[in-house]
Amino acid sequence: MSLKEEQQKYMQALQQYAEGKRFKYHIVTYGCQMNVHDSEKLAGMLQEIGYEETQVLEEADIILFNTCCVREHAEQRVYGNVGALRSYKQSNPNLILGVCGCMMQQKETAEDIIKKFPFVDLVFGTHNLHHFPRLLFEAVNSGHTVVEILDEEGNIVEGIPAKRASNVSAYVTIMYGCNNFCTYCIVPHVRGRERSRLPGDITDEIGELAANGCKEITLLGQNVNSYGKDLGDGYLFPDLLRDVNKIEGIERIRFVTSHPKDLSDDLIDAMAECEKVCEHIHLPLQAGSNVILRKMNRRYTREDYLKLVDKLRARIPGIAVSTDIIVGFPGETEEDFLDTLDMMERVQYDSAFTFIYSPRKGTPAASMPDGVDTEVKKERLNRLIALQNDISKAKNQLYMDKVVEVLVEGVSKNNPKMLSGRTRTNKLVHFEGGSEIIGEFVNVKITLPKAWTLEGRMI
Ligand code: 5AD
Ligand code: SF4
């Protein structure tokens, strides 16, 4: 049976099963934007079957945990939250409980989840998301736990419906997997090798989003800078940016994540030329010491990185730069760490995601001698965060009394009287206004810059 036939067969069977029952679903997502978008696809398939979304766990007929394994903390939360649902299963025996995503791509972890939580009905990985209708059908019709995890990534499957969180700003995956094997990172082990979607499939999807009112898109990939290399016809990420820039209706283009070693001059040119590409880049540094960068297999030096930032700032005036940094990599000395602080000071990031190194089984770094005390790692993280806070605050101060263009994304999460949206430089702005302007571009004068957000008045 072809995949399309399989999808149709099980979709129809599930539609019949769900008919008139007003089934509800709830999806809990951990980790990166890629996972968020995978959850949007799971939601899309469930909606097509006839399920409706609910935020109330007690109401749900299916609860899915889309997991992340990039750090131990994310895994622990999954164990805690799945365990907490034991009583739900007892009070509603028809409830389907599923665990999927990156954590399940690791055989040992999947087995552990099944052993610890025998009440879980469905376990699958990242490579077989498109088989979800069949797996769900099997789960609702069999009395045992349905488990399917594929070792191989397989070909890209197009045409899975997605129910996106926002109509205004959408994620579009342009490539799957990663070839870089940074020594601390589990992603290449669970997401497989780099596979690029065909340019036409991407631009068709974006065209459709634009036709439905979408104004901003974020192109997703573990390393978007190497988009197209596997397609072998010379069409690369800068070409894609130029083509997406031509799509009518789309006003802003963003992308994550960029590996510094693959940030070409042509890409910087494309970013500068394309008026819709926003003045922001997320450029993970990971560490500021050349010794650690080498141990991490990052394949650039601090000097290379600084040159890149200079080039970006010269070519794209006002570009905001954000980053990811890991402290406490095995063997990191105080001197190495001071190099990281020094890079933070030199680059003057707009924002930084900072993490304590978390050993991941099966990665080379997990067997490197460590010797750094946990307390020392925590203290380094705090010093790093304190420095970035000062830098972010000072950077945001420069916005005082400035007028910025904001794409209104929705009602503010913390204050229902306020709206929120982002500047082209990816700063979150809160201001007063009515919900009728959600999805529009407005000018906001900044009146109160804070460390992480800006507050202002619409003009
Ligand atoms: N420990 C801590 N942080 C990690 N990251 C990836 N792997 C690990 C790990 N083992 C961080 C990197 C990456 C971000 C998504 O997560 O900084 O850029
Ligand atoms: Fe992990 Fe490195 Fe690939 Fe990013 S580039 S996903 S950190 S291996």
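Every number for a ligand or one of its atoms is a count from 1 in the order of the listing. Remember, it's a predicted structure, so these values are computed and weren't measured experimentally.
- Protein heavy atom at the shortest distance from atom 5 (N) of ligand 1 is R71 NH1, 3.5 Å.
- Taking a cut-off of under 4.0 Å to the non-hydrogen atoms of Y184, the atoms of ligand 2 that pass are 7 (S).
- Put simply, no part of T257 is less than 4.0 Å from ligand 1, judged by heavy atoms.
- Short contacts between ligand 1 and V70, defined as distances under 4.0 Å to a heavy atom of the residue, involve ligand atoms 6 (C), 7 (N), 8 (C), 9 (C), 10 (N).
- To the nearest 0.5 Å, the span separating CD on E405 from CD on E251 amounts to 8.0 Å.
- Between the side chains of S412 and S420, no donor-acceptor pair of N or O atoms lies under 3.5 Å.
- Protein heavy atom closest to atom 18 (O) of ligand 1, with residue, atom name and distance, is D324 OD2, 2.6 Å.
- The salt bridge (Lys or Arg N to Asp or Glu O under 4.0 Å) test applied to E205 returns R164, R197, not counting sequence neighbours.
- Between Y30 and F65, the two ring planes are parallel [angle under 30°; tilted spans 30° to 60°].
- In this view, K307 satisfies the salt bridge (Lys or Arg N to Asp or Glu O under 4.0 Å) rule with no residue, not counting sequence neighbours.
- Nearest non-hydrogen protein atom to atom 7 (N) of ligand 1 is Y184 CD1, 3.3 Å.
- Between H282 and H280, the ring planes lie tilted relative to each other; the angle falls in the 30° to 60° range.
- Atom numbering of ligand 1 starts at 1 in the shown order; those under 4.0 Å from a heavy atom of R360 are 10 (N).
- Nearest protein heavy-atom contact of atom 10 (N) of ligand 1 is S358 O, 2.8 Å.
- Proximity to I326 (heavy-atom distance under 4.0 Å) selects the following atoms of ligand 1: 3 (N), 4 (C), 5 (N), 12 (C), 17 (O).
- For a distance threshold of 2.8 Å, the protein N, O or S atoms nearer than that to atom 2 (Fe) of ligand 2, listed by chain and number, are C182 SG.
- Using cut-offs of 30° and 60° for the angle between ring planes, the H37 and Y171 rings count as perpendicular.
- With a 4.0 Å cut-off on non-hydrogen atoms, T363 does not touch ligand 1 at all.
- Side-chain polar atoms of E409 and S166 form no donor-acceptor pair below 3.5 angstrom.
- Closest protein heavy atom to atom 17 (O) of ligand 1: Q286 OE1, 2.6 Å.
- Taking the six-membered ring for Trp and the full ring otherwise, the centers of Y357 and Y184 sit at least 6.0 Å from each other.
- N179 and K229 share no donor-acceptor pair across their side chains, judged by distance under 3.5 Å alone.
- Of all the atoms in ligand 1, the ones that sit under 4.0 Å from a non-hydrogen atom of F355 are 3 (N), 11 (C), 14 (C), 16 (O), 17 (O).
- Residues N396 and K450 bring no donor and acceptor atom of their side chains to less than 3.5 Å of each other.
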Could you go through residues 234-241 and list every donor-acceptor pair under 3.5 Å that involves a side-chain atom there, pairing it with any protein atom two or more places apart or in another chain?
| unit_1 | atom_1 | unit_2 | atom_2 | d |
| --- | --- | --- | --- | --- |
| Y235 | OH | D243 | OD2 | 2.6 |
| D239 | OD2 | L236 | N | 2.7 |

